S.K.: 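Structure incoming, see below.
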Amino acid sequence: MNIEIVILGSGTAVPTVDRGAAGYLLIVDNEKVMFDCGPGSTRKLAQAGFELIDLDRVCISHFHPDHVCDLTAILFGSRIPNYSRTKPLELVGPVGLKQHYEKLLNIFGNWLISKDYELIITELHPSNTFAIVEYQHYKLMAQMVDHSYPAFGYRVETPTGIITYSGDTDYCEGIISLCENADIAVLECSTPDERKIHGHLTPSLAGQIAQKAKVKHLVLSHFYPECQMVDLTSQCRKFYNGQITLAKDLMRFPLRVF
Ligand SMILES: [Zn+2]
Ligand SMILES: [Zn+2]
């Protein structure tokens with residue numbers, strides 16, 4: 001089974017030359033799943049060699065603009081003549097996703113709607129236990145994390161291995177359980193240790209989560225500009241002895257089981 005993660009946006013609400021807002025593409029054989037779609041992430045999708053019509057589903061972690069703004073671009077782009085989609089598109093996210101979509105329709109109306117494909121909206125309900133959706137090649141699990149409400153992290157279990165994506169979160173039990181024995185965990189790392197902000201992780205906290213959950217390969221991402229010029233790997237290494245990678249836009253990680 002071919003499994004790969006493509007970093008579409010390793011940045012945040014504050015874009016830099018090198019880093020766009022949150023977006024991650026997971027490839028599981030022929031399926032393409034986008035996790036979050038911050039502003040500019042659809043452009044990065046094209047730069048990575050993919051088209052909007054390649055997407056099978058888009059999983060939203062939470063409704064902050066740096067994670068969801070390009071939903072409008074995906075829906076509008078999917079109905080442009082000559083490029084229009086015919087296969088279904090599923091949107092997955094926390095409760096509130098349908099309302100979010102309705103509000104987009106209030107603004108853009110029919111420009112976001114197409115008769116040529118089926119749009120499926122799957123709302124997952126926050127609870128103390130995992131919300132689980134079973135697909136043909138993998139199991140998608142979502143768990144509440146400590147950020148805005150509601151905010152999810154995601155875990156994808158495949159026969160080949162386990163991938164976790166934190167969305168935005170502070171240190172919490174939810175993200176530790178999502179990361180348990182993950183082969184690759186993409187964790188947010190908004191600021192260096194000395195600039196910790198509420199609702200977000202630092203390299204040390206991400207390292208503690210990864211160590212506790214026995215993550216094999218930790219990919220730090222979602223960097224605010226103040227992460228520049230700081231040795232994030234050393235801060236993380238104090239607590240975690242597995243493989244550490246600092247994400248860059250358009251990096252690709254094939255899943256290798258250790
Ligand atoms: Zn964010
Ligand atoms: Zn956020």
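Just so you know, residue 1 is the first one in the sequence shown, and it goes up from there. Just so it is clear, the model here is predicted, and its values are computed rather than measured. Atoms within a ligand are numbered from 1 in the order they appear, just like the ligands themselves.
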S.K.: Among the N, O or S atoms that H64 has, which is closest to the Zn ion (ligand 2)?
M.R.: ND1

S.K.: If I take the Zn ion (ligand 1) as the centre, what angle separates the OD2 atom of D168 from the NE2 atom of H67? Nearest 10 degrees is fine.
M.R.: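 OD2 of D168 and NE2 of H67 make an angle of 90° at the Zn ion (ligand 1), to the nearest 10°.
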
S.K.: Centroid separation under 6.0 Å, is that true for the rings of H198 and H147?
M.R.: no

S.K.: Of all the N, O or S atoms in H222, which has the shortest distance to the Zn ion (ligand 1)?
M.R.: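 The atom in question is NE2.
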
S.K.: Check whether NZ of the Lys or CZ of the Arg R57 lies under 6.0 Å from the centre of the six-membered ring of Y135 and within 45 degrees of that ring's axis.
M.R.: yes

S.K.: Checking only N/O/S atoms, does D66 have one that is under 2.8 Å from the Zn ion (ligand 2)?
M.R.: no

S.K.: Which of these, F35, F130, Y24, sits in a ring pair (Phe, Tyr, Trp, His ring centres under 6.0 Å) with Y154?
M.R.: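 Among the candidates, only F35 passes.
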
S.K.: Taking Q143 for its side chain and G153 for its backbone only, find out whether a donor-acceptor pair lies under 3.5 Å.
M.R.: no

S.K.: Could you confirm whether H200 has any N/O/S atom lying under 2.8 Å from the Zn ion (ligand 2)?
M.R.: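 For H200, the answer is no, given that no N, O or S atom comes within less than 2.8 Å of the Zn ion (ligand 2).
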
S.K.: Looking at I5, V186, L178, which hits side chain to side chain contact (heavy atoms under 4.5 Å, CB included) with Y165?
M.R.: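 Considering I5, V186, L178, a side chain to side chain contact (heavy atoms under 4.5 Å, CB included) with Y165 is found only for V186.
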
